[in-house]
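Worksheet: one structure, shown below.
So you know, we letter chains A, B, ... as the sequences are listed, proteins then strands, and number each from 1.
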Amino acid sequence: MREWRFVSYETEKSTFSLFPELCKGCGLCIEKCPKEVIVWQVDVLGIYDTPTVKPKDEESCVACATCETYCPDCAILIEKKKKPESKDN
Amino acid sequence: MREWRFVSYETEKSTFSLFPELCKGCGLCIEKCPKEVIVWQVDVLGIYDTPTVKPKDEESCVACATCETYCPDCAILIEKKKKPESKDN
Amino acid sequence: MAKIALAGEGGQGVQAIAQIMVNAAFNEGKNACYLPNFGLEQRGGVSLSFVQISDSEIGAPKFKISDIVIALSKRAVVRTKQYVGPDTIFIYDNTRVAESPDYAARKILGIPATDVANKELSSRVFNIIILGTVIKVTGILGVDSVKYALQESLKEKFLKNPDLKDLNFKALESGMSLVEEVL
Amino acid sequence: MAKIALAGEGGQGVQAIAQIMVNAAFNEGKNACYLPNFGLEQRGGVSLSFVQISDSEIGAPKFKISDIVIALSKRAVVRTKQYVGPDTIFIYDNTRVAESPDYAARKILGIPATDVANKELSSRVFNIIILGTVIKVTGILGVDSVKYALQESLKEKFLKNPDLKDLNFKALESGMSLVEEVL
Amino acid sequence: MVQKRPKIPDGWFEDSKPHLFCPGCGYGIIFKAVAQVVDELDIRDRMIYGIDIGCSLLSYNFFNFDTIQTHHGRTTPVIYGVKRAVPEKMCLGIFGDGGGYAIGSQHLVSSALRNEKIFCILANNTVYGMTGGQLAPTTLPDQKTETTPYGKKVEEYGWPMQGPEMIAAIGSKDVYAARGIVSNFRQLKRFVTRGFQNNLDNRGFSFLEVLSCCPTNWRTNAKETWEHLDKVMTKYFKPGEINNPLEQKEGK
Amino acid sequence: MVQKRPKIPDGWFEDSKPHLFCPGCGYGIIFKAVAQVVDELDIRDRMIYGIDIGCSLLSYNFFNFDTIQTHHGRTTPVIYGVKRAVPEKMCLGIFGDGGGYAIGSQHLVSSALRNEKIFCILANNTVYGMTGGQLAPTTLPDQKTETTPYGKKVEEYGWPMQGPEMIAAIGSKDVYAARGIVSNFRQLKRFVTRGFQNNLDNRGFSFLEVLSCCPTNWRTNAKETWEHLDKVMTKYFKPGEINNPLEQKEGK
Amino acid sequence: MSNKKPVEGEKRAFLTGNETVAWAALAGGADIMYGYPITPQNQVMHTWSRIIPPYNRKFLQTEDEISAGFANCAGALAGKKSFTATAGPGNALMQEPQSMAEAMRIPAVFIIQQRGGPSSGTVIYSQQELTLTTYGGNGEGWRIVYSVCNHQEIYDYTIKAFNTAWTYRFPTYVMGDGYQAELREALTIYDPEERGIKMVEPQPMVGMPGKPGVDRPPVHLVNIYSLEEELYDVCIKYQMEFDRISGEITESEGKNTENPDVLVIGHGVVFRSIHEAVKEMMKDGLNVGYFRPVTVRPMDVKALRNAVKNAKKVLVAESSLGQLERQIKAYCYGLTTPISGYFLPGMGIVATDIEREVKALLKK
Amino acid sequence: MSNKKPVEGEKRAFLTGNETVAWAALAGGADIMYGYPITPQNQVMHTWSRIIPPYNRKFLQTEDEISAGFANCAGALAGKKSFTATAGPGNALMQEPQSMAEAMRIPAVFIIQQRGGPSSGTVIYSQQELTLTTYGGNGEGWRIVYSVCNHQEIYDYTIKAFNTAWTYRFPTYVMGDGYQAELREALTIYDPEERGIKMVEPQPMVGMPGKPGVDRPPVHLVNIYSLEEELYDVCIKYQMEFDRISGEITESEGKNTENPDVLVIGHGVVFRSIHEAVKEMMKDGLNVGYFRPVTVRPMDVKALRNAVKNAKKVLVAESSLGQLERQIKAYCYGLTTPISGYFLPGMGIVATDIEREVKALLKK
Ligand SMILES: Cc1ncc(C[n+]2csc(CCOP(=O)(O)OP(=O)(O)O)c2C)c(N)n1
Ligand SMILES: Cc1ncc(C[n+]2csc(CCOP(=O)(O)OP(=O)(O)O)c2C)c(N)n1
Ligand code: SF4
Ligand code: SF4
Ligand code: SF4
Ligand code: SF4
Ligand code: SF4
Ligand code: SF4
Ligand SMILES: [Mg+2]
Ligand SMILES: [Mg+2]
């Protein structure tokens with residue numbers, strides 16, 4: 001099984017992971033996110049040396065996975081966090 | 001102007017002329033005539049040595065020219081006769 | 001070896017008699033082949049057929065000069081001119097073609113096949129009369145084997161109407177004697 | 001005669017500097033030609049360009065061994081290997097490509113073009129720095145004529161933003177001196 | 001007895017008559033409608049006529065106007081090629097259902113799409129006539145053809161092609177799309193006139209399918225031919241105007 | 001930190017990723033829908049996948065199933081050729097609007113006509129992507145392309161092609177014809193599922209046009225890309241099911 | 001494919017050439033035919049579609065020759081013995097898929113019945129598709145082409161074509177012509193296996209058993225390459241394979257090729273006339289011979305050069321304007337035997353034509 | 001056609017080969033281009049459609065190459081200077097209309113930019129369409145094909161192609177390749193009339209003035225014939241005309257063809273390398289020469305045979321697997337100068353390749 005480099009960002013409702021070797025910096029995710037969560041970043045460069053993306057903060061993401069769905073390159077992984085109450089169980 | 005051999009048949013309402021060099025003996029006219037006027041004949045042969053057609057009598061033809069219209073080979077000419085009254089004039 | 005070109009109008013049964021001839025030859029163990037011509041039109045063109053029957057191997061499927069040419073209509077007479085050489089026997093239906101063509105052939109024979117068919121037999125067996133003349137002129141096929149092939153090819157019709165067999169055989173024989181008269 | 005192969009990622013401006021070079025050569029009355037490579041993908045392939053400048057007639061549009069190879073990304077370094085011969089000067093961007101390739105070239109020169117562009121000038125003139133290094137290494141074109149061609153090709157941009165001209169010329173000169181240091 | 005002349009339209013090239021089509025072939029009727037309309041519209045000197053390989057080829061010297069015999073299915077690109085080069089010409093193409101709906105369907109589709117100002121008439125005889133009666137895109141269910149000797153199976157080859165409906169669906173409102181039938185000459189002529197008119201007005205592409213007959217490959221006599229046309233074919237193909245950008249919509 | 005895996009569908013051939021398509025290309029989204037459905041229907045071992053020359057060619061090693069790269073416009077005859085030979089296979093072809101509506105339109109028309117039990121997905125990006133942005137049959141009015149540098153004139157090239165509508169008009173009721181859009185993934189997946197289902201049921205031909213994006217030739221950024229898709233393209237092309245022989249008609 | 005044998009034992013039959021093709025394909029185990037009507041091959045399709053039902057074979061009439069050609073490739077890729085038949089403009093149109101078959105080594109079988117050309121020409125006959133069939137398309141002629149001359153050969157080589165295709169994986173052709181297509185003559189039909197001809201089993205190139213990515217890697221077949229070097233490697237490899245197998249494939253026949261005053265060369269149906277003419281002339285004591293390539297691609301160059309070298313003069317006879325002569329001259333470059341041509345484009349050549357031409361050459 | 005001249009006087013320009021084609025067509029008075037995109041000729045269409053508006057010329061993008069080819073024929077039949085451009089699989093597909101152009105003597109102009117083959121091959125470069133372009137279709141090669149080697153020639157011969165086509169009424173080709181298509185280099189563009197090149201006026205073959213049947217007989221153009229004999233007569237007539245005019249059309253160039261130790265033969269872009277290599281080797285005192293056919297159809301056979309005869313050895317260099325060599329050998333049949341080939345299918349050939357090969361031959 002191939003291993004892909006990734007960076008993960010924890011937000012309240014999700015773990016937002018980006019696979020820079022897959023990201024081509026197209027920006028489709030940024031524009032498709034219903035909550036305008038995603039922003040450019042240059043700390044991690046994509047496969048074509050382009051900027052990649054990350055969530056702008058820890059609050060906005062609602063873990064809807066729209067970005068994941070519409071990324072043509074499968075460069076985003078959204079892991080929904082269990083609701084706090086279920087954590088208490 | 002090319003001359004075509006023809007035979008003409010006088011009926012009450014029409015002059016029915018057949019051009020044997022054009023008639024291929026397909027019979028479409030026979031079946032299309034609304035008055036079932038047209039019949040086969042072997043006295044005059046068509047271009048492929050087939051039987052040709054003629055009106056069966058002098059009464060039935062109504063000079064509608066349906067046969068002329070539908071003959072794919074322009075082998076029939078229908079000349080409508082002026083009504084008898086006009087003849088008297 | 002016989003090279004026979006047959007030509008007529010569509011519906012005159014030219015291809016059918018070519019077929020019967022090569023079948024008879026095949027049954028006799030001879031080499032035989034037959035090439036129909038095909039023009040652009042489905043109907044209306046002159047129907048041509050090139051038949052070859054031989055005891056030895058056959059070369060080109062189509063020949064340039066015929067031993068025998070059969071022309072059954074005015075257009076067929078014109079169309080077959082190119083296959084006529086000084087050794088050709090040219091046979092035409094003189095009911096349909098009034099004037100004898102002035103081709104430089106060995107022999108030009110007019111056969112009243114249409115007339116005989118219509119008056120003495122039936123217009124349906126017109127082509128079988130022609131078959132008879134060809135058989136006679138070539139002499140390359142046995143009459144019995146031709147009759148057998150004829151029977152085979154019309155088997156179903158003969159079954160339905162046994163009189164037909166007689167009619168056809170009569171036509172064949174009449175064709176043979178017609179040509180004998182003029183040979 | 002100079003045979004120069006330039007390779008980089010799409011967007012690095014490889015084709016643009018090839019174009020400026022041959023324009024300059026054309027203006028100088030030299031023979032020049034330039035063949036872009038084209039792969040299947042519209043984007044994502046390595047962008048390659050084959051430039052030739054000469055005082056005499058030019059033969060094949062594409063050559064097999066370069067006098068100078070410029071490789072501006074990791075993939076470009078790999079892709080251009082086949083154009084390297086024992087007499088080749090191989091230049092790469094050592095900001096983007098960490099390890100010096102072990103090709104059997106005459107010289108292998110790492111230029112921190114990206115670094116210099118980003119830090120001292122602007123990432124936009126990265127390719128002009130490279131242009132400077134090529135000009136310097138080949139020595140086949142006059143600096144003024146290159147500047148003129150550069151100006152022509154960016155005329156409209158320069159008109160809109162006159163500072164750009166200076167920036168580009170600086171980049172050109174910086175490219176020239178960068179390579180001088182390592183030559 | 002005075003010499004009589006057959007009513008051969010001026011648009012027909014009389015020297016080539018009797019023509020090369022089979023006895024009872026529907027093409028003759030289509031050509032009569034075409035020539036009469038050309039004469040009525042007085043456009044003979046502007047006509048460029050293109051034909052396929054297919055039985056329409058037999059009309060290579062049929063008309064009293066300039067004719068280009070092309071390849072099977074290629075009449076359409078040839079006549080739009082002419083039209084684009086010399087737009088003042090009236091470009092008419094006539095071909096079969098094989099040429100139009102099979103091998104040349106990309107041209108028909110594209111002419112409708114680009115709204116080429118040409119007029120295409122397609123003779124739907126449900127077979128490949130010229131090559132001796134093979135399956136066509138229009139062949140009826142269970143119809144026996146040389147390549148469906150046990151009858152055409154719908155599971156294998158689908159239902160008969162709906163040509164003018166397809167042309168109309170492609171998109172342009174300026175396309176004239178209609179279906180005539182050789183047994184209704186008045187209607188046929190009307191459709192032919194409108195087809196030309198749509199080009200004359202420089203409005204758009206004109207397409208007319210004509211339900212035609214091929215007694216040779218159908219092996220029908222005259223009675224069966226008319227019946228097959230009127231009773232059987234019209235079950236699968238509805239005559240009428242499918243799209244008429246000219247005001248006058250065809251009622252019946 | 002535990003190793004994370006990108007959500008690459010099993011149906012994708014992971015070794016060939018990142019794939020060869022441009023940044024932001026709509027094909028990637030289509031392929032995601034396809035692979036997810038193939039995985040859900042568990043038909044990977046029955047898949048034969050055909051692609052055109054056209055950007056779909058860049059998927060020659062994209063999927064985890066057997067792939068035949070064909071010629072421009074010829075995916076359709078190749079995959080129905082396979083299907084006729086080995087009917088137990090599921091045959092999918094993906095190609096562009098040039099391949100499908102221009103050079104290969106006769107194959108599409110004929111597959112719809114014969115109701116070939118194959119599934120064709122056509123990416124409508126209103127240009128010839130692979131060759132650098134020429135006019136396509138779907139190009140929008142006034143759109144600038146390399147071969148209409150001053151904008152496409154409707155008088156010259158007509159209105160944009162209505163593909164699924166044409167396919168539906170050809171005649172068979174068993175043809176599945178729909179239009180999806182890459183900006184509506186749920187719907188897209190539903191349409192892909194039904195397209196496959198129509199083949200799995202051995203009912204008929206399935207055709208899905210997908211409004212896709214070509215940011216490279218459109219020269220759009222991400223925002224403009226989505227807007228062009230959702231606001232401009234949908235003015236000319238209506239997403240939805242045009243013909244659905246499966247019961248569940250698509251509401252929205 | 002059902003187990004029922006279409007032909008049991010050996011049988012004399014009297015068929016047209018087109019019927020012969022269909023029966024041979026059936027006996028040779030063809031699974032599927034894709035075709036588009038064109039004279040003079042129509043009857044192949046007619047016969048095939050008429051005779052297959054008991055044997056569970058398939059037929060598809062496509063929308064054009066492009067489709068028939070590509071579907072033919074597809075059938076073979078899917079592991080079925082697949083064939084098509086075409087002629088003239090259809091053959092021209094089918095070059096696109098034929099070229100794909102060459103590039104992807106697809107063992108598809110093509111039957112060509114040549115008609116008059118160029119363009120629509122005639123629907124009757126010619127040998128004007130020699131160049132097209134051997135070297136058509138934008139490629140290098142990686143094709144195996146049998147040029148047959150009688151119905152027995154049509155039968156034999158149609159069966160053989162499937163074996164050749166599936167053994168060597170190059171597209172394989174049986175090239176006849178309109179005369180042979182429509183001619184009726186006798187031949188022996190037989191079941192190849194009963195004659196000891198081992199029929200090669202087809203193998204799929206896609207859709208093999210197992211789940212791709214699990215049981216086996218997926219197959220990804222291409223005919224386009226990103227780099228010149230990639231294509232170059234493929235070209236060299238395939239050319240070398242083609243050259244290597246040529247020795248096993250080439251077939252030819254010759255008579256009196258040791259030292260003839262005139263050697264007559266011709267292929268296909270024209271060879272019948274050559275054969276007859278040479279036989280007759282030899283009977284008359286003339287020192288003439290013939291050489292006939294059976295495979296016109298690849299050509300039996302060794303035998304050809306030998307025959308030409310030994311001859312005093314060479315006559316190439318063909319129903320085209322020098323298409324065969326051009327190939328003969330290219331293959332025989334370096335030899336000096338004078339070669340002249342007798343060309344009747346689109347027309348039959350008979351034995352007396354050959355005799356006349358040969359005698360004229362003898363007199364010179 | 002408007003009267004405005006696209007090019008006034010003479011001008012140096014720095015263009016791609018594709019741009020050069022478009023400008024030459026414009027200067028040569030082309031009225032209309034029909035085309036379908038394919039790499040590497042796309043830019044011909046791009047440039048043409050971009051530059052024509054002021055000059056009232058026309059462009060139509062068709063649905064495929066078949067259509068582009070037939071429409072191209074139609075434009076010429078209608079009396080307009082018409083052209084198209086294609087490559088590779090598009091060229092294969094366009095053989096059907098090209099064959100019609102041959103049969104009907106249609107003066108249509110075709111631009112071919114060869115790409116790698118067979119099949120899709122590469123989009124880059126090759127010389128693998130020589131056979132296809134000179135002898136494609138189901139015909140006899142009644143085509144005039146200029147194989148150009150640099151942008152000046154692209155310009156000159158594109159203009160000339162229209163004159164050749166309209167003078168002789170055979171389809172006329174300018175054959176380049178992907179390298180030349182995409183290469184940028186300098187050339188002089190000019191107005192042909194100002195240079196004293198008389199541009200031939202096109203004449204319609206249909207749609208002439210007057211009412212048919214009244215003012216003039218109708219024109220009925222065909223490409224199919226009912227009888228073998230009719231087609232035969234046409235074939236012989238056209239072949240004779242083609243042969244007759246060949247003397248006026250053929251072009252070639254040679255250097256040191258009197259008695260070279262090695263004569264190098266090549267066409268198109270490969271000739272550039274041959275030219276360079278031979279020049280270099282001659283400088284080094286080697287006795288080498290070259291022969292280059294400019295018209296690859298018809299070939300300048302006399303000059304070619306002369307050159308080959310005088311040489312001790314011949315090397316044919318080409319970016320294909322012997323397509324040119326085969327033609328050379330056929331044309332030179334009877335000569336005995338050893339010919340060897342240097343073949344890089346789909347790959348460029350450089351001067352050092354030629355030098356290496358020549359020197360190896362010299363050593364042997
Ligand atoms: C490229 C090509 N393919 C096939 C043919 C053979 N062919 C000639 S006519 C014809 C079919 C004609 O059928 P259709 O178009 O329906 O016209 P019809 O004769 O029925 O009027 C075919 C397949 C050809 N001439 N050219
Ligand atoms: C026969 C042939 N003609 C033309 C081409 C050139 N060609 C390659 S891809 C393409 C167009 C692709 O456009 P489309 O089908 O819309 O696919 P896209 O790239 O937009 O997805 C063309 C014309 C070819 N490869 N083969
Ligand atoms: S994560 Fe995906 S959608 Fe977002 S920029 Fe990267 S490639 Fe584009
Ligand atoms: S999961 Fe939804 S909300 Fe969160 S970043 Fe992605 S698209 Fe935006
Ligand atoms: S004119 Fe009318 S009624 Fe008289 S014969 Fe003709 S069709 Fe019959
Ligand atoms: S007159 Fe006309 S319609 Fe009547 S049989 Fe004769 S050809 Fe047929
Ligand atoms: S074959 Fe049919 S369509 Fe063709 S001319 Fe005869 S009747 Fe008419
Ligand atoms: S050119 Fe357009 S369609 Fe092709 S891969 Fe790039 S974005 Fe996608
Ligand atoms: Mg039809
Ligand atoms: Mg597209």
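- With a 4.5 Å cut-off on non-hydrogen atoms, G:I274 does not touch chain C at all.
- With rounding to the nearest 0.5 Å, the separation of CG in C:L35 from CD in G:E185 is 10.5 Å.
- The neighbour count for C:Y148 OH, taken as heavy atoms of other residues, nucleotides or ligands under 6.0 Å away, does not exceed 12.
- Neither the backbone nor the side chain of G:N150 comes within less than 4.5 Å of any heavy atom of chain C.
- Only the side chain of G:E276 has a heavy atom closer than 4.5 Å to any heavy atom of chain C.
- Heavy-atom pairs under 4.5 Å with chain C peak, among G:L183, G:V123, G:V350, at G:L183.
- Neither the backbone nor the side chain of C:Q52 has a heavy atom closer than 4.5 Å to any heavy atom of chain G.
- Here the CD atom belonging to G:E280 is positioned 7.5 Å from the OG atom belonging to C:S56, to the nearest 0.5 angstrom.
- Contacts of G:A181 with chain C are absent, with no heavy-atom separation under 4.5 Å from either backbone or side chain.
- Between C:N23 and G:F14, the shortest heavy-atom contact is OD1-CD2, 3.9 Å.
- When heavy atoms are compared at a cutoff of 4.5 Å, C:L40 approaches chain G solely by way of its side chain, counted from C-beta outward.
- For chain G, the nearby part of C:F26 is the side chain; its heavy atoms alone come within less than 4.5 Å.
- Within a 6.0 Å radius of NZ in G:K313, more than 12 heavy atoms belonging to other residues, nucleotides or ligands are found.
- Between G:I349 and C:A60, the closest heavy-atom pair is O-CB, 3.5 Å.
- For the pair C:I58 and G:R272, the tightest heavy-atom approach, listed with the atom from each and the gap, is O-NH2, 3.4 Å.
- For C:E57, the CD atom sits in a loose shell: 12 or fewer heavy atoms of surrounding residues, nucleotides or ligands are nearer than 6.0 Å.
- Dense packing is recorded around NZ of C:K147, with more than 12 heavy atoms of other residues, nucleotides or ligands lying under 6.0 Å away.
- Heavy atoms of G:V269 lying under 4.5 Å from chain C belong exclusively to its side chain.
- With a 4.5 Å cut-off on non-hydrogen atoms, G:T352 does not touch chain C at all.
- Panel note: side chain C:K64, backbone G:G348; a donor-acceptor pair is recorded below 3.5 Å.
- Surrounding CZ of C:R124 are at most 12 heavy atoms belonging to other residues, nucleotides or ligands under 6.0 Å away.
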